[in-house]
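Bear in mind the structure is a predicted one, so any value in this text is a computation, not a measurement.
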Amino acid sequence: MLEIPLSSAVLQRNKSMSKGECFSREFQEIHMPLWVFFHLVGCFLLSTRAANSKHHWLGSDLIMLSHECPKVHMVFPVCIFLLSSSVNACVDVVLSGVKLLEALGLEPGDRKNHAVLNSRQDLKEAFAHFMEKGAAAERFFSNAESFHRIARIASEYPGAQLYVGGNAALIGQKLATNPDLKILLCGPVGPKLHELLDDNVVVPPESMQERDEFHLILEYQAGEEWGQVRAPNANRFIFSHDLSNGALNMLEVFVSSLDEFQPDLVVLSGLHMMEGQSKEMRQRRLMEAVASISDIPTDIPIHLELASMTDQDFMSNIMHQVFPLVNSIGLNEQELLFLTQSASGPHASLASWSGVPDVGVVSDILFWILKEHGKTTERASDLTRIHFHTLAYHILVTVDGYWGNQVAAVAAGARAAGTQACATETIDTSKVFLKAPLEFVTSQIEAPSKISLNPDEPVVHWHREGISFHFTPVLVCKDPVRTVGLGDAISAEGLLYSEVYPQ
């Protein structure tokens with residue numbers, strides 16, 4: 001790579017891109033606020049670093065750390081990148097969970113986790129269970145008639161808002177805000193969802209359907225109370241009766257569209273929605289999904305976004321059958337813990353997180369995933385990257401030699417978490433706080449390193465047997481305007497700032 005001096009005001013890139021689609025152009029700049037940690041100011045200074053033509057860039061140039069604090073810039077290449085996003089899409093109905101339950105005439109009572117919701121009683125118990133933990137969760141509501149009655153009450157409730165929903169659609173919608181990206185979205189798209197989508201999102205005719213799929217997003221704020229339950233932090237509980245996404249109806253449409261669209265990146269999600277299907281149907285569709293994913297050309301990076309699940313056998317099947325076919329996965333702390341429990345991995349005996357997830361425990365599980373299911377010289381797997389996010393911090397883990405620009409990618413994801421939660425264009429330091437541990441160890445199994453956060457270098461790096469870890473704290477929004485879709489926004493920004501080394 002050619003490094004241009006940091007003082008240079010003009011950002012330039014090598015004249016050729018990996019797919020030969022982008023020619024010599026200048027870079028545009030967007031400003032990024034300085035980050036504030038404790039009572040000190042640290043800042044990200046982006047380098048004016050050019051990409052070698054053999055590298056495949058999914059987004060912008062490199063962020064570097066500096067002790068100085070001049071104006072900070074982020075950069076994007078001015079050329080079109082094509083991204084395909086599949087397979088789940090819906091309309092999110094977002095409203096206060098407590099107020100909806102009250103509108104349904106439900107009183108606070110027992111707190112109980114349900115793998116599937118069969119009644120309003122199950123709904124209130126599961127909502128209270130996860131609200132008490134402050135943990136995100138998603139469940140299938142089995143009774144169609146009851147769900148549609150609840151959905152009608154929710155959509156008509158004063159203050160309820162309709163948004164683009166579904167992990168694939170949310171990631172696509174987030175990336176579509178960059179005018180230099182064109183998104184192909186293959187999912188069940190009804191009239192309302194089509195109206196909500198960005199103009200940069202292309203929907204093939206085969207994906208259009210007469211009726212939208214609705215997911216109900218029940219949000220709660222930090223400190224909010226319902227009966228004896230008090231939420232430790234803001235989060236949401238999601239439920240739906242979504243058969244189109246659950247059957248992965250658009251998967252074949254998606255794969256057949258790739259030849260014409262010629263994407264630079266594929267984003268997959270929605271496998272968790274199959275939990276609403278019978279076990280036989282679920283296994284059949286998973287096998288068909290594996291066959292379809294296998295048909296995607298190997299030179300196109302694939303990112304898989306996970307979501308809340310309850311069936312350990314199904315999670316184990318995804319890990320063994322799908323993980324080797326994708327290059328990257330994104331997940332949060334609940335999904336990470338469920339994953340290791342499903343496969344008897346490290347720290348599988350841990351029933352749940354207590355407060356902020358221990359960095360050493362998280363690091364051990366992430367390391368195990370890439371060591372056991374990632375790419376090695378002996379294993380035919382493409383998995384080389386994991387983007388982990390929890391409220392207080394993010395970790396980007398990569399197998400050496402396959403990804404670059406990790407500092408920029410993990411920092412951009414953390415920035416997205418703060419701005420989207422607070423609904424601000426830039427980080428407003430009066431609206432955020434630091435929740436990450438100021439000191440931590442990098443493993444609870446092997447001889448660990450002890451790390452203390454330095455506000456002048458907010459992205460911390462360590463290395464373990466050919467695997468790199470990049471950690472950054474998150475500036476957490478004090479009073480989040482919206483919690484749903486944060487994980488998808490984080491993954492989208494991380495991908496946009498990532499660099500793939502073609503093999």
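Considering all non-hydrogen atoms of both residues, S269 and A168 come closest at OG-N, 2.8 Å. Nearest heavy-atom pair across V441 and P448 is CB-CB, 3.8 Å. Contact between W368 and A343 at its shortest, heavy atoms only, is CH2-CB, 3.6 Å. Closest of all the heavy-atom pairs between V356 and P437 is CG1-CD, 4.2 Å. Taking all atoms of both residues into account, the shortest heavy-atom contact from K431 to C422 is O-SG, 3.8 Å. Taking every heavy atom of both residues into account, A492 and L175 meet most closely at O-CD2, 3.4 Å.
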Given V432 and K478, is the side-chain contact (heavy atoms from CB on, under 4.5 Å) satisfied, shown in steps? CA-CA 5 Å; V432 295; K478 295 176 182 177; 5.7 Å; no
Check the pair L337 / L350 against side-chain contact (heavy atoms from CB on, under 4.5 Å), numbers first and verdict last. CA-CA 8 Å; L337 185 58; L350 184 64; 4.1 Å; yes
Give the C-alpha distance, both sets of side-chain angles, the deciding distance and a yes or no for side-chain contact (heavy atoms from CB on, under 4.5 Å) between R415 and Y497. CA-CA 12 Å; R415 183 191 64 166; Y497 284 85; 3.9 Å; yes
Would K192 and E195 count as a salt bridge (Lys or Arg N to Asp or Glu O under 4.0 Å) if you check the C-alpha gap in whole Å, the side-chain angles of each, and the deciding distance to 0.1 Å? CA-CA 5 Å; K192 185 61 182 178; E195 174 190 326; 3.2 Å; yes
In sequence, state the C-alpha distance, the side-chain angles, and the governing distance for V201 and Q173, and then conclude on side-chain contact (heavy atoms from CB on, under 4.5 Å). CA-CA 7 Å; V201 178; Q173 184 81 342; 4.0 Å; yes
Could you go step by step and tell me if N327 and D382 meet the side chain to side chain donor-acceptor pair (under 3.5 Å) rule? CA-CA 5 Å; N327 305 87; D382 290 328; 5.0 Å; no
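Between H347 and D364 the shortest side-chain heavy-atom distance falls below 4.5 Å. In this structure, the side chains of E125 and R111 stay at 4.5 Å or more apart for every pair of heavy atoms. Side-chain atoms of R211 and P188, non-hydrogen and from C-beta on, never get closer than 4.5 Å to each other. With a 4.5 Å cut-off on side-chain heavy atoms, L286 and N317 count as touching.
Of the charged side-chain nitrogens involved, none lies within less than 4.0 Å of a carboxylate oxygen, so that K174 and D198 do not count as a salt-bridged pair. We find that R284 and E280 are not joined by a salt bridge, their nearest charged nitrogen and carboxylate oxygen being 4.0 Å or further apart. Salt bridge annotation for R282-D311: present, with a cationic side-chain nitrogen under 4.0 angstrom from a carboxylate oxygen. With respect to the salt-bridge test (charged N to carboxylate O, under 4.0 angstrom), the residues E132 and R230 do not qualify. In summary, K450 and E439 engage in a salt bridge, as defined by a charged side-chain N under 4.0 Å from a carboxylate O.
Annotation: K371, atom NZ; neighbour count of heavy atoms from other residues, nucleotides and ligands within 6.0 Å is above 12. No more than 12 heavy atoms of other residues, nucleotides or ligands shown are found within 6.0 angstrom of CE on M287. More than 12 heavy atoms of other shown residues, nucleotides or ligands fall within 6.0 angstrom of atom CD in E465.
To the nearest 0.5 Å, the span separating CD on E224 from CG on N235 amounts to 12.0 Å. Rounded to the nearest 0.5 angstrom, K435 NZ and L391 CG are separated by 6.0 Å. Rounded to the nearest 0.5 angstrom, L218 CG and L100 CG are separated by 5.5 Å. Here H129 contributes atom NE2 and K124 contributes atom NZ; the two are 16.0 Å apart, rounded to the nearest 0.5 Å. To the nearest 0.5 Å, atoms CG (L123) and CG (L106) are separated by 6.5 Å. Note that OG1 of T390 and CG of L336 are 9.5 Å apart. Values are rounded to the nearest 0.5 Å.
Y393 and F388 have tilted rings, their planes meeting at an angle from 30° to 60° on a 0 to 90° scale. Relative ring orientation between F141 and F147 is described as tilted, the plane-to-plane angle lying within the 30° to 60° band. Under the 30°/60° scheme for interplanar angles, the aromatic rings of H389 and H387 are found to stand perpendicular. Note: H373 and F323 have perpendicular aromatic rings, judged against thresholds of 30 and 60 degrees for the angle between ring planes. Ring planes of F469 and W462: parallel class, angle under 30° (limits at 30 and 60°).
Side chains of N113 and R139: a donor on one and an acceptor on the other come within 3.5 Å. A donor-acceptor contact closer than 3.5 angstrom is absent between the side chains of D479 and Q221.
A donor-acceptor pair under 3.5 Å links the side-chain atoms of Q406 to the main chain of W403, judged by distance alone. Judged purely by atom type and a 3.5 angstrom limit, T472 has no side-chain atom pairing as donor or acceptor with the backbone of A411. Between the N233 side chain and the A222 main chain, no donor and acceptor come within less than 3.5 Å of each other. Side chain of D122 to main chain of L117: no donor-acceptor pair is present (N/O by atom type, distance under 3.5 Å, no hydrogens or angles). S363 places a side-chain N or O within 3.5 Å of a backbone atom of T442 that can act as its donor or acceptor partner. Judged purely by atom type and a 3.5 angstrom limit, H194 has no side-chain atom pairing as donor or acceptor with the backbone of G190. For the pair D358 (side chain) and G360 (backbone), a donor-acceptor distance under 3.5 Å is present. Using modelled atom types, no side-chain atom of N143 and backbone atom of N118 make a donor-acceptor pair closer than 3.5 Å.
When ring centroids are compared, F239 and H215 stay outside the 6.0 Å threshold.
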